[in-house]
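Numbering of residues begins at 1 and proceeds along the displayed sequence. Predicted model, so just to flag it, every value in this text is computed and none were measured.
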Amino acid sequence: MNRTLKKSLTLILKIAITLLVVSPFYIAIIYSVKSKPEMVANRLAFPKIIHWDNFTRAIETSNFGLALKNSLVTTVVSVVLITLFCTMAAYIIARKNNKFYNGIYYLFVGAMIIPFQSIMTPLYIDMTKWKLLNTLHGFIMAKVGFQIAFTVLLVSGFVKSIPKELEEAASIDGAGIYSTFFRIVFPLMKPIILTSVILNSLNVWNDFQMSLTLLQQKQVRNIPLTQYFFFGENSIELGLAFALFILSIIPILLLYLMLQKYIIGGITSGAVKG
C-alpha cells in the first residue's frame, strides 16, 4: 500500500468518524427548528422554514426557568460537596498506608460496580421514610453519596504524585493537618479537582434515572425530567423537546469548553499514579 493511498484512507476514516460524532448534534439542531409535517416528510433534511417559535413554546410550556434553577442548584451544591469531601478523604486514604485505609479504598472500588438499578427501590423507600422524597436537598444527598466512590478513587491516585516532602516541611514549620492540606496540598490538586468538577457536573446535570425516582413533583423537576415530559402517552412534541435540549446543553457546554484542557491531564495523572 503506497503512502498516498494510506493517507487517503486515513482521511476518509477521520471524516467518517467526525460525521458520526457530529450527527447527533445536527439532528438535535434541525429537529429543534422543524415543524411536525417537515419531520414526517423528511427527517434528516434541513427545514425550509426555521421555526424559532419552538424555543419560545418550549420555554413557556415546560416552565424552563424553574427547571433551570433546580438543575443549577442541585449541580452546584452537589459538586461543591463532592469536591470538598472527596479531596479530604482521598488525601487521607493516599497518605495512610495501612490495612484499615486500604480496606476503605477497596470498599470504594467495590461500590463503583454497584448499578443504580439495584438500589433504586431501597433508596426510594428510605427517602420516603425520611421525608426527603421530592426535595432538592434529598436528591443532592443521594447524588453526592453515589458519586463519592468514583471521585475518591480519581483524586487519590493524583495525591500520590504530590511529594510528601512539602507536607513534612510544613509540619516542621508548625502547620497542622488541616492547614497543610488546604494551604499546601489542595492548591496542587487543581488539575484533578477541575477534572472531577467537569465529570461530576456532567453527571449531576444530565442525571435522569435518579431524578425520575426522587423528583416526581413539578416544582422540583430538573431539566432532564422536564424534557422527558414532552413525550406523552398520546402525543410527542419532538420539536419542543429538542429545542429544550439545545437550551439545556448551553451552560454545561460552556463549563466544559472552559475546563476541557484539564480533563486528559487530570485523568491521566490519577490513573498513572493510582
Side-chain angles (χ1 to χ4, degrees), residues 1-52 54-55 58 109 112-113 115-117 147 149-151 153-161 189-209 223-224 227-228 230-231 236-274:
M1 183 182 294
N2 58 51
R3 184 174 297 179
T4 303
L5 179 59
K6 186 176 181 180
K7 287 183 177 180
S8 300
L9 291 176
T10 302
L11 179 61
I12 293 172
L13 180 61
K14 289 180 179 179
I15 293 173
I17 293 174
T18 302
L19 291 175
L20 183 64
V21 172
V22 172
S23 59
F25 295 97
Y26 170 76
I27 293 172
I29 291 171
I30 64 171
Y31 270 45
S32 67
V33 292
K34 267 189 174 184
S35 63
K36 280 186 176 181
E38 286 180 301
M39 290 181 192
V40 176
N42 196 334
R43 295 182 180 274
L44 297 180
F46 201 82
K48 295 179 180 179
I49 300 175
I50 297 178
H51 294 269
W52 295 112
N54 283 352
F55 289 91
V109 173
M112 285 186 62
I113 67 174
F116 173 72
Q117 290 82 357
Q147 288 299 112
F150 164 76
T151 309
L153 294 179
L154 183 69
V155 177
S156 61
F158 186 88
V159 173
K160 294 176 183 178
S161 68
M189 294 167 64
K190 180 181 177 181
I192 198 66
I193 288 174
L194 293 178
T195 300
S196 69
V197 165
I198 295 171
L199 297 178
N200 285 315
S201 295
L202 288 169
N203 184 280
V204 179
W205 185 271
N206 295 323
D207 179 87
F208 178 75
Q209 288 187 326
I223 288 178
Q227 185 181 9
Y228 169 71
F230 279 116
F231 298 85
I236 298 176
E237 293 286 351
L238 279 179
L240 303 188
F242 277 101
L244 191 66
F245 168 75
I246 296 297
L247 292 172
S248 68
I249 67 173
I250 292 174
I252 206 69
L253 183 61
L254 291 175
L255 176 66
Y256 175 78
L257 292 175
M258 288 189 294
L259 304 179
Q260 64 173 331
K261 64 180 180 180
Y262 296 102
I263 292 181
I264 302 299
I267 292 179
T268 303
S269 299
V272 171
K273 303 296 181 181

Please confirm whether the backbone N or O of [Y] pairs with a side-chain atom of [X], one donor and one acceptor, at under 3.5 Å?
{"X": "Glu38", "Y": "Lys48", "answer": "yes"}
{"X": "Lys36", "Y": "Gly239", "answer": "no"}
{"X": "Tyr31", "Y": "Met39", "answer": "no"}
{"X": "Trp205", "Y": "Ser248", "answer": "yes"}

To the nearest 0.5 Å, how far apart are [atom1] in [X] and [atom2] in [Y]?
{"X": "Ser201", "Y": "Leu194", "atom1": "OG", "atom2": "CG", "value": "10.5 Å"}
{"X": "Ile15", "Y": "Thr10", "atom1": "CD1", "atom2": "OG1", "value": "11.0 Å"}
{"X": "Ile246", "Y": "Phe55", "atom1": "CD1", "atom2": "CZ", "value": "6.0 Å"}
{"X": "Leu19", "Y": "Tyr26", "atom1": "CG", "atom2": "OH", "value": "11.5 Å"}
{"X": "Ser32", "Y": "Leu238", "atom1": "OG", "atom2": "CG", "value": "11.5 Å"}
{"X": "Phe150", "Y": "Leu199", "atom1": "CZ", "atom2": "CG", "value": "5.0 Å"}

What residues, two or more places apart in sequence or in another chain, satisfy side-chain hydrogen bond (donor to acceptor under 3.5 Å, both in side chains) together with Thr151?
Asn200
How would you list, by chain and number, every residue that makes a side-chain hydrogen bond (donor to acceptor under 3.5 Å, both in side chains) with Asn54, sequence neighbours excluded?
none
By ring-ring contact (aromatic ring centres under 6.0 Å, His included) - contacts of Tyr228 (at least two apart):
Phe208
